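Note that the coordinates shown come from a computational prediction; the quantities given were computed from them, not determined experimentally.
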Amino acid sequence: MNSLSEIAVSRRFALKAGSLAALGMAGACSAGMAMQAMAAEAAAAETSFVPSFLVAPEPITEVTETKDYDVVVVGAGSAGMAAANKAAEEGAKVAVVQKLSMASSQGFNAAGVSPAATDVQEAAFVSALISLCDLRPSRELLEAYANTSGEAIMWYRDLITRAGVELPAEEESTYVRDCNGYEVEFMTARPSGTHASAVIAIAEYAQANGVDFYYEMPGVQLVTEDGAVTGVIAGAEGSYVRFNAKRGVILATGDYQSNDEMIAFYCPDVLGFPPLAAQRDGDGHRMGVWAGGRIEPIGHTKMIHDLWMNAAPYLMVGPDGNRFCDEHIPWFKINTLMRPLMQGAYRNDPDFARIFSIVDANYLAQAEAWAEFDSDISAKEVPGLDEMSLGTAELHITVTADTIEGLAEQMGVDAKALAATVERYNELVEKGADEDFGKDARFLAPIATPPFYAVQRDFNWGLSATLGGLVVDANNQVLNADDEPISGLYAVGNTSGPFFGGIDYPMTFGGLSIGRAVTTGYIAGSAAAHA
């Protein structure tokens, strides 16, 4: 299969050649000169088209030390810890190289399809998720998740417990979702606290049971011999260490949210959204490409959350106090409306990138009524009125007042603009028709009874993850340009794909992201151990 740049150049070359033929340029000399000019242009285009991060560096040949293992895992997140522990359990001698000083993960829950699910329930889940992701995922990868994730999550629950981390009571470890008319049960692993603390405990457990960890040891380049991956070079220039991997290298470096160049190329929607995790630079993506792999097509999925996580279609206003949309949309897609605001904030004032949901004292009853028409809507109380802390920032998520003008002052928006917006909205409610944005009239409700609340939809807190990675098969083995597995190379979690593909991460299935990380690590760890 040709590279993207080759296809683009070839197509332009063919079009120009066709144009020349149409003009009747039959002279051999003239045609030859024209063809030479086009060939030179094609060569220049080929050189300039490829992003710098996809250009392979010179092989590193000088190392200070060599270490021998069966399996080497690059990265110590949820996927890497699952892979390392599973490979070790299967009898492999395992090393983990990690660029940070500790294991690192994000998120709260991990989920998988119940092992008791029938074939039709698994198939229904796969088709439902493919539809949610705009038909772009690999069915093979989703089927592997559906078939294996329940088993993997049960194993992971046991691993977490052995590592000394608390889990909720058994009766709280499942949930059910409707998938194309079939009720599908999901198993969950939600440790006390977050997975950030859980992976640290799991790493300590793995180390106590024979897995070797090398912290502050970033993977830099894969070692290849005759097209096969046989190890990885890690560390820093002048003190590189070569880790030989007899059975396989598993790339588990997470996403690329901290790499501005990769963001601009693969997921420009999120330009301006600050990354929530440091040093997620796409190291594994780049190393995999340099070793012959390829990254799934451009247009990667973004994961951006806000605190309230509320899909109830309350009036929504921007930083100028004006309404700007039909508010009946899934909460996890509202962040896309932030893009023009984020671009403005990125260039000018960060405070500009704010949007608010405006409600009155009856907001819970309104949501309960709306839930009869849309099962994704639930009655959620506004986040606490106390000042909240996120990192070093002190934030007021919710403000309240007995008048709209007072609310505007608390929000920091123009009082006249907000009052006019609310007045107009109430007129539309009275008419029973949204003449401005065409929102379903069933979801119109007045903003008239104090106290009034404004909840900031703080999607500009940042980017949780970019979901697009190296193309893999059902064993999470990286595929080359001809769709053939690269011997000795695996990618898991957010370093692998195409598992998603829509604009936004689908929140329909709670715990899907970490559930996939655990499952793919479980699959690849076992496959590599037996390679």
Residue pair I514 / H195: nearest heavy atoms and the distance that separates them:
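Between these two residues, the closest heavy atoms are CD1-CD2, 3.4 Å.
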Testing the basics here: between V492 and A79, what is the closest heavy-atom pair and its distance to 0.1 Å?
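So the minimum-distance heavy-atom pair works out to CG2-CB, 3.6 Å.
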A side-chain contact here means heavy atoms from C-beta on lying under 4.5 Å apart; do [X] and [Y] qualify?
X	Y	answer
R457	L337	no
I233	V223	yes
V382	W308	yes

Considering only residues two or more places apart or on different chains, which pairs with a residue in residues 500-514 satisfy side-chain hydrogen bond (donor to acceptor under 3.5 Å, both in side chains)?
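Qualifying pairs: K302-D504, N335-D504, T336-D504.
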Pairs involving residues 465-479, ordered by first then second residue, that meet side-chain hydrogen bond (donor to acceptor under 3.5 Å, both in side chains) (sequence neighbours left out):
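side-chain hydrogen bond (donor to acceptor under 3.5 Å, both in side chains) check on residues 465-479 returns D255-T466.
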Centroid-centroid under 6.0 Å between F53 and Y256 rings:
no
Got a sec, which residues hit side-chain contact (heavy atoms from CB on, under 4.5 Å) with [X], two or more places apart in sequence or on another chain?
X	result
T161	L167
A189	A110, I153, Y156, R157, I160
S197	T194
R190	F108, N109

Applying ring-ring contact (aromatic ring centres under 6.0 Å, His included) between H305 and each of F273, W331, F332, report the one that passes.
W331
Exam field: side chain [X] to backbone [Y], donor-acceptor pair closer than 3.5 Å:
X	Y	result
R516	G493	yes
E166	S192	no
S149	V113	yes
Y490	A83	no
Q98	Y215	no
T253	G284	yes
Q221	I60	yes

Looking only at side-chain N and O atoms, does [Y] offer a donor or acceptor that is under 3.5 Å from a partner on [X]?
X	Y	answer
H328	D374	yes
T519	T148	no
E261	S52	yes

Applying salt bridge (Lys or Arg N to Asp or Glu O under 4.0 Å) as the test, list every pair that has at least one member in residues 75-87; sequence neighbours left out.
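For residues 75-87, and leaving out neighbouring residues, the salt bridge (Lys or Arg N to Asp or Glu O under 4.0 Å) pairs sorted by first residue read K86-E90.
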Of all pairs that satisfy ring-ring contact (aromatic ring centres under 6.0 Å, His included), the ones with a partner from residues 510-531, not counting sequence neighbours:
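Matches after skipping sequence neighbours: W155-Y522.
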Can you give each donor-acceptor pair under 3.5 Å made by side-chain atoms of residues 114-124, sequence neighbours left out, with the distance rounded to 0.1 Å?
unit_1, atom_1, unit_2, atom_2, d
S114, OG, A116, N, 3.1
S114, OG, E185, OE1, 3.4
T118, OG1, Q121, N, 3.2
T118, OG1, Q121, OE1, 3.3
Q121, OE1, T118, N, 2.8
Q121, NE2, E183, O, 2.8

Atom pairs and distances, side-chain donor-acceptor, residues 201-209, under 3.5 Å, sequence neighbours left out:
unit_1, atom_1, unit_2, atom_2, d
Y205, OH, R162, NH1, 2.5
N209, ND2, Y205, O, 2.8

Whether over 12 other heavy atoms sit under 6.0 Å from K380 NZ:
yes
Count the heavy atoms belonging to other residues, nucleotides or ligands that lie under 6.0 Å from NZ of K93, then report whether that count exceeds 12.
yes
Go through the structure and list residues passing side chain to side chain donor-acceptor pair (under 3.5 Å) with D134, not counting sequence neighbours.
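For D134 there are no side chain to side chain donor-acceptor pair (under 3.5 Å) partners, ignoring immediate neighbours.
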What residues, two or more places apart in sequence or in another chain, satisfy side chain to side chain donor-acceptor pair (under 3.5 Å) together with T301?
none
So which of V229, T224, I250 actually passes side-chain contact (heavy atoms from CB on, under 4.5 Å) with L489?
V229
Run the salt-bridge test on K99 and D281 with the 4.0 Å N-O cut-off and return the result as yes or no.
yes
